[in-house]
Amino acid sequence: VIALFTSWLLTPYVKKLAFRIGALDKPDGRKVHKGIMPRLGGLAIYLGFVVAVLCSMHLSKDVMALLLGGTVILIVGIIDDVYQLPAKVKLLGQIAAAAVLVLFDIRIEWLNNPWGGYFYLEYLSIPFTIFWVISFTNVVNLMDGLDGLAAGVAGIASITVILVAIQQGFYPVAVITAALAGGIVGFMRYNFNPATIFMGDTGSMFIGHMLAAKSAATIALIVPAIALGLPIMDTAFAIVRRYTNGRPIFQPDKGHLHHRLLAMGMTQRQAVLLMYIISAILGIAAVLL
């Protein structure tokens with residue numbers, strides 16, 4: 001509730017700041033929106049999250065790591081929203097944010113073996129953790145193509161993580177994820193179609209980073225992977241599509257699922273709501289599993 005109201009109250013001020021510093025999204029042939037839009041909305045989500053965490057949680061080593069890593073990726077996102085960073089520079093920023101978690105000993109050290117027991121990663125733990133966090137960061141980032149799409153799907157994934165965390169007794173994870181979910185829901189008031197502000201890379205990378213970081217800390221990795229199954233599959237197909245067409249993997253195109261749904265004649269709202277429903281079904285599957 002704290003995160004929701006903080007995000008909801010601060011988003012109009014963030015919108016003014018976006019216009020002031022030039023964090024604007026201009027329409028082109030690939031994008032759906034027609035006018036110039038502010039795209040710094042992720043800052044409101046971040047502020048809602050931080051205020052809620054500081055008000056409701058003990059600042060343990062793990063919580064400090066999540067706040068510091070989230071702040072690093074937020075700064076990268078703000079710079080990108082203003083200056084349009086090259087893909088390689090943005091990737092270096094994502095690696096730096098993931099490295100913060102590793103430095104605080106938040107890392108994936110083992111994986112469940114479906115046939116019983118565990119796979120211990122040992123010396124692969126650090127590169128696998130960094131790869132995991134970067135992958136989730138970009139999955140949410142690439143999903144951000146329609147009003148409210150990335151925010152809504154990430155919100156559903158956050159609720160899924162909360163339910164599983166409570167189910168497994170990981171109450172600090174449930175609380176910190178609730179702070180993320182609240183920040184997202186408060187921002188959605190301004191981001192659902194017709195949107196008046198976008199979350200930008202500031203928001204999409206922050207949300208993806210936080211979901212990955214919390215799963216790396218305690219929750220089984222399969223939970224957010226299933227909950228975000230739709231954008232993960234969409235990203236995987238985008239990589240294959242661009243590679244087979246001889247295009248750079250990070251070069252945007254109009255082949256994403258939401259572009260296809262619009263091409264079939266759906267409105268933005270219809271396409272987004274359909275993808276919400278699919279994500280909710282995947283979230284329920286993750287809880288049941």
Side-chain angles (χ1 to χ4, degrees), residues 1-14 17 40-75 77-78 97-98 100-108 133 136-137 140 150-191 197 199 202-221 223-224 227-228 280 283 286-287:
V1 170
I2 291 170
L4 189 155
F5 278 103
T6 302
S7 174
W8 178 60
L9 290 171
L10 291 181
T11 299
Y13 297 98
V14 170
L17 176 64
L40 201 65
L43 179 59
I45 298 173
Y46 167 83
L47 293 172
F49 171 82
V50 171
V51 169
V53 169
L54 294 178
C55 286
S56 59
M57 297 196 74
H58 170 67
L59 290 181
S60 65
K61 182 181 176 182
D62 284 357
V63 173
M64 287 296 295
L66 292 171
L67 290 174
L68 185 56
T71 301
V72 171
I73 199 67
L74 178 96
I75 292 169
I78 290 173
V100 170
L101 303 175
V102 173
L103 290 174
F104 278 81
D105 288 327
I106 293 180
R107 59 188 70 174
I108 302 163
V133 174
F136 265 71
T137 302
V140 179
V153 171
I156 292 167
S158 298
I159 292 168
T160 302
V161 172
I162 293 168
L163 293 174
V164 175
I166 292 171
Q167 190 181 59
Q168 299 295 320
F170 295 127
Y171 298 110
V173 176
V175 174
I176 204 166
T177 311
L180 181 65
I184 293 170
V185 173
F187 172 71
M188 287 275 294
R189 156 70 177 79
Y190 307 93
N191 186 235
I197 184 172
M199 69 164 68
T202 305
S204 60
M205 291 201 300
F206 170 71
I207 292 170
H209 176 90
M210 295 309 300
L211 285 172
K214 288 192 287 291
S215 65
T218 44
I219 293 291
L221 302 187
V223 174
L228 288 174
V287 173

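For this chain, numbers begin at 1 and follow the sequence in order.
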Kindly give the heavy-atom pair with the smallest separation between [X] and [Y], and that separation in Å.
{"X": "G42", "Y": "T202", "answer": "C-CG2, 3.9 Å"}
{"X": "A151", "Y": "N191", "answer": "CB-OD1, 3.8 Å"}
{"X": "G69", "Y": "A97", "answer": "O-CB, 3.7 Å"}
{"X": "Q167", "Y": "V287", "answer": "OE1-O, 3.7 Å"}
{"X": "V53", "Y": "A179", "answer": "CG2-CB, 3.9 Å"}
{"X": "I162", "Y": "A174", "answer": "CG1-O, 3.8 Å"}

Sub-4.5 Å side-chain heavy-atom contact between [X] and [Y]:
{"X": "L54", "Y": "L59", "result": "yes"}
{"X": "F187", "Y": "V14", "result": "no"}
{"X": "F49", "Y": "I176", "result": "yes"}
{"X": "T11", "Y": "R189", "result": "no"}
{"X": "Q168", "Y": "V173", "result": "no"}

- Task: Walk me through it: do F206 and L180 pass the test side-chain contact (heavy atoms from CB on, under 4.5 Å)?
- Result: CA-CA 10 Å; F206 170 71; L180 181 65; 3.9 Å; yes
- Task: Could you walk me through whether H209 and L74 pass side-chain contact (heavy atoms from CB on, under 4.5 Å), step by step?
- Result: CA-CA 10 Å; H209 176 90; L74 178 96; over 6 Å; no
Out of curiosity, [X] [atom1] to [Y] [atom2], how far, rounded to the nearest 0.5 Å?
{"X": "L43", "Y": "Y13", "atom1": "CG", "atom2": "OH", "value": "14.0 Å"}
{"X": "L67", "Y": "D62", "atom1": "CG", "atom2": "CG", "value": "11.0 Å"}
{"X": "M199", "Y": "M205", "atom1": "CE", "atom2": "CE", "value": "12.0 Å"}
{"X": "I73", "Y": "T137", "atom1": "CD1", "atom2": "OG1", "value": "5.0 Å"}

- Are any side-chain N or O atoms of S56 and backbone N or O atoms of A52, one a donor and one an acceptor, separated by less than 3.5 Å?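 A pair under 3.5 Å: yes.
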- Would you say the side-chain atoms of T6 pair up with the backbone N or O of G48, donor to acceptor, closer than 3.5 Å?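 Pair absent, no side-chain N/O of T6 close to backbone of G48.
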- Message: The test is side-chain contact (heavy atoms from CB on, under 4.5 Å); show your working for F170 and V164 and say whether it passes.
- Response: CA-CA 8 Å; F170 295 127; V164 175; over 6 Å; no
- Run the side-chain contact (heavy atoms from CB on, under 4.5 Å) check on M210 and L66 step by step: do they pass? CA-CA 7 Å; M210 295 309 300; L66 292 171; 3.9 Å; yes
